[in-house]
There are 2 protein chains.
Amino acid sequence: MATIEDVARAAGVSASTVSYVLSGKRSISAPTRQRVEKAIQQLGYRPHAGARALASSRTNVLALMAPLRAGVEVNVIMQFVSSVVLRARDYSYDVLLLTQDDVSGAERVGAGSMVDGIIVMDVEAQDARLPSLARLRQPTVLIGLPRSPGTLSCVDLDFEAAGRLALDHLVGLGHRHVAFVGPPPEVMARHTSYADRVLRGFSGAARDAGIDARTIECEGTAPGAAAAVDELLAHDPALSAVLVHNESALPHVVARFAEHGRRVPDDLSVMIISPPEVATAQPVPLTSIDIPTERVARVAVEMTMARIDGDEPAETRLLTPVVTDRGSTLPAVSP
Amino acid sequence: MATIEDVARAAGVSASTVSYVLSGKRSISAPTRQRVEKAIQQLGYRPHAGARALASSRTNVLALMAPLRAGVEVNVIMQFVSSVVLRARDYSYDVLLLTQDDVSGAERVGAGSMVDGIIVMDVEAQDARLPSLARLRQPTVLIGLPRSPGTLSCVDLDFEAAGRLALDHLVGLGHRHVAFVGPPPEVMARHTSYADRVLRGFSGAARDAGIDARTIECEGTAPGAAAAVDELLAHDPALSAVLVHNESALPHVVARFAEHGRRVPDDLSVMIISPPEVATAQPVPLTSIDIPTERVARVAVEMTMARIDGDEPAETRLLTPVVTDRGSTLPAVSP
DNA sequence: TTAGCGTGTTGAAACGCTTCGACAAACGAT
DNA sequence: ATCGTTTGTCGAAGCGTTTCAACACGCTAA
């Protein structure tokens with residue numbers, strides 16, 4: 001492999017000049033720059049990442065913690081992951097993927113100076129990883145909102161507002177018999193940040209509206225969905241609208257309601273919180289509060305970059321949810 | 001951050017001794033080792049990855065190319081990705097995730113000495129990336145089987161044998177009216193390695209058996225599946241068995257057959273090629289040829305490691321497919 | 001004419017580790 | 001007692017960059 005010295009020799013300059021051509025940190029005369037660039041081309045020179053990291057204390061690598069826990073929506077995870085990778089490239093960064101659900105990976109790559117920053121997914125309300133992350137030299141950005149972020153930056157859709165907004169949307173259509181079909185029990189049990197928050201927003205808004213809105217956890221399987229739907233209808237046969245926050249269960253939920261003779265949207269209004277791709281890919285397109293995965297990922301990367309080379313203070317950004325009406329919610333019929 | 005010198009000073013030895021304690025490449029007396037280890041603990045020392053890479057020409061990082069193209073099964077991809085990450089850890093390796101579908105990412109991290117080896121997913125029959133990959137200093141292992149692997153290692157389920165095996169299984173049960181529901185058109189058009197191979201195996205075996213077995217591409221959506229099923233039945237109303245190699249379409253295919261009054265398994269035998277999790281998660285568990293994602297990933301990592309520090313020659317390993325009968329295929333009823 | 005300044009370039013010192021060759025000490029065999 | 005081996009440790013070179021201080025040069029301003 002060609003080194004910077006080889007390039008310098010070929011161009012008839014010193015190594016430091018080559019370095020300055022590459023980094024642009026000092027002005028270089030046009031002729032010199034051209035000779036250097038030509039030498040780089042001809043030799044196919046690429047700086048050695050390790051040497052560069054050693055000298056500059058910059059790796060141009062980001063760590064992404066994406067624990068693949070039970071009950072998570074793989075599609076959504078993957079959307080975040082690929083968006084983060086894509087956005088990181090805008091800043092000439094690569095992404096190291098960590099999938100363990102403890103913090104050991106982050107400690108290893110952080111303390112070992114393998115990365116300049118860390119993005120963390122699937123955050124829990126009381127996330128055990130946060131103290132260790134806060135101790136690292138590298139800035140950390142959470143996708144999600146724990147109870148006490150401390151000095152860590154956070155970004156996410158405002159899921160609490162989303163829950164509230166969904167309920168208000170349904171109530172605004174005149175629905176008084178409303179329910180929430182949530183993530184599977186294991187996700188709730190972990191107090192996964194988004195799950196808690198939607199629930200809080202939805203239930204809080206229901207209380208404010210004076211409505212008894214039932215909420216239920218739901219496995220992402222056909223039998224699980226059937227059980228959930230059956231229970232909801234048993235509890236309130238007059239049920240006329242549901243909010244679903246569980247992509248895997250969604251088709252089965254809709255199917256089960258159909259078996260009970262409730263068709264969307266005439267007999268039942270359905271909303272979902274999910275990426276738009278999911279809401280539109282259903283047999284009947286669904287009114288939804290879209291999870292803007294691409295935007296969240298972009299902001300996460302931007303925040304990380306700002307903290308890497310700014311020393312910007314930590315910050316929490318919650319994106320405002322919006323209802324996209326796709327026709328699966330209709331005004332309630334008067335009793 | 002503590003450096004190796006700090007540790008050496010604290011332990012009253014030289015830096016090289018600390019290095020040898022860490023690497024085990026020379027024998028160190030027990031007392032010395034203990035002092036060094038204690039110093040490491042107390043200082044919380046972690047070797048600087050860049051410095052280590054510079055000195056040793058080893059990064060302990062693997063690149064994983066996982067292009068997220070249209071029509072790929074995200075679940076399967078994710079299973080591979082997480083298995084690769086997990087297995088890499090067995091060798092103290094981390095994984096850098098590349099998602100671009102061209103080879104530029106691999107060139108960057110390879111030529112820049114960011115990684116020691118490269119694992120490539122979603123390989124096409126005539127994959128344009130192969131020549132560049134072969135030129136890199138780092139060993140590359142393909143998950144998939146291109147037409148001419150050259151000096152690159154390959155590992156995969158033997159999809160051609162799988163196609164053949166599936167057809168033989170169905171014919172063995174007496175079915176003579178058999179069809180294949182394959183991946184979506186965009187996957188076929190790319191000549192994605194596994195897609196081509198299943199098709200070849202299935203069609204070849206059908207020819208050998210003297211059967212006219214229809215094959216059809218299929219979108220992963222409900223309308224797409226309906227269209228495919230309708231066409232198959234129109235072409236051969238006596239159809240009694242299908243092989244599906246398309247997870248997204250699977251539930252819709254089964255549903256559409258049901259709408260035509262064909263129930264699994266009594267009216268229709270169904271097999272699928274997929275990871276076992278998918279086959280078992282269906283309302284009716286399906287007889288399948290399992291894609292052993294975990295095993296393929298493990299072998300891919302092992303092969304990469306062997307070539308990193310062996311200088312083993314390239315090798316192709318095809319895992320033998322096996323039919324797992326879950327009761328969704330029954331003997332054909334005599335006409 | 002000289003002092004001062006900006007521009008472009010360079011040499012050398014880090015950065016933190018691995019590894020080679022050397023060497024001292026301890027040991028066993030003669 | 002001597003020689004050769006083995007064992008444990010060390011010093012120093014080298015890995016390929018970045019970056020700082022210094023310098024040469026040509027200019028402008030006084």
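So that the names make sense, note that chain A is the first sequence line, chain B the second, and so on, each numbered from 1.
With sequence neighbours excluded, the residues satisfying salt bridge (charged side-chain N to carboxylate O under 4.0 Å, His left out) with A:Arg89 are A:Asp94. Qualifying salt bridge (charged side-chain N to carboxylate O under 4.0 Å, His left out) partners for B:Glu5, counting only residues two or more places apart in sequence or in other chains: none.
What you find for A:Thr99 and B:Val85 is that their closest heavy atoms are OG1-CG1, 3.3 Å.
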What string of B, S and - do you get for nucleotides 13-26 of chain C, 5' to 3', when a contact is any protein heavy atom under 4.0 Å?
--BBBBBBBB----

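The main-chain N or O of B:Asp158 is never found under 3.5 Å from a side-chain atom of B:Asp156 such that the two would form a donor-acceptor pair. Using modelled atom types, no side-chain atom of B:Ser193 and backbone atom of B:Glu124 make a donor-acceptor pair closer than 3.5 Å. B:Thr59 places a side-chain N or O within donor-acceptor distance of the main-chain N or O of B:Val61, the cut-off being under 3.5 Å.
Neither side chain, A:Ser16 nor A:Ser19, offers a donor N or O lying under 3.5 Å from an acceptor on the other. In this model, no donor atom of one side chain and acceptor atom of the other lie less than 3.5 Å apart for B:Asp122 and B:Tyr194.
Nucleotides of DNA chain D lying under 4.0 Å from heavy atoms of chain A occupy a range whose first and last members, 5' to 3', are D:dG16 to D:dA22.
Comparing the start and finish of the helix from C:dT1-D:dA30 to C:dT30-D:dA1, five pairs each, the helix axis swings through 40°, to the nearest 10 degrees.
Between A:Pro149 and A:Leu130, the closest side-chain pair of non-hydrogen atoms is not below 4.5 Å. For the pair A:Val13/A:Val18, a side-chain contact is recorded, criterion being any heavy-atom separation below 4.5 Å from C-beta on. By the 4.5 Å heavy-atom criterion applied to side chains, B:Asp196 and B:Thr192 are not counted as neighbours. For the pair B:Arg307/B:Ser153, a side-chain contact is recorded, criterion being any heavy-atom separation below 4.5 Å from C-beta on.
At the heavy-atom level, A:Thr32 lies under 4.0 Å from the strands shown only through sugar-phosphate atoms.
Contacts between residues 108-118 of chain A and DNA chain D, defined by a heavy-atom separation under 4.0 Å, are absent.
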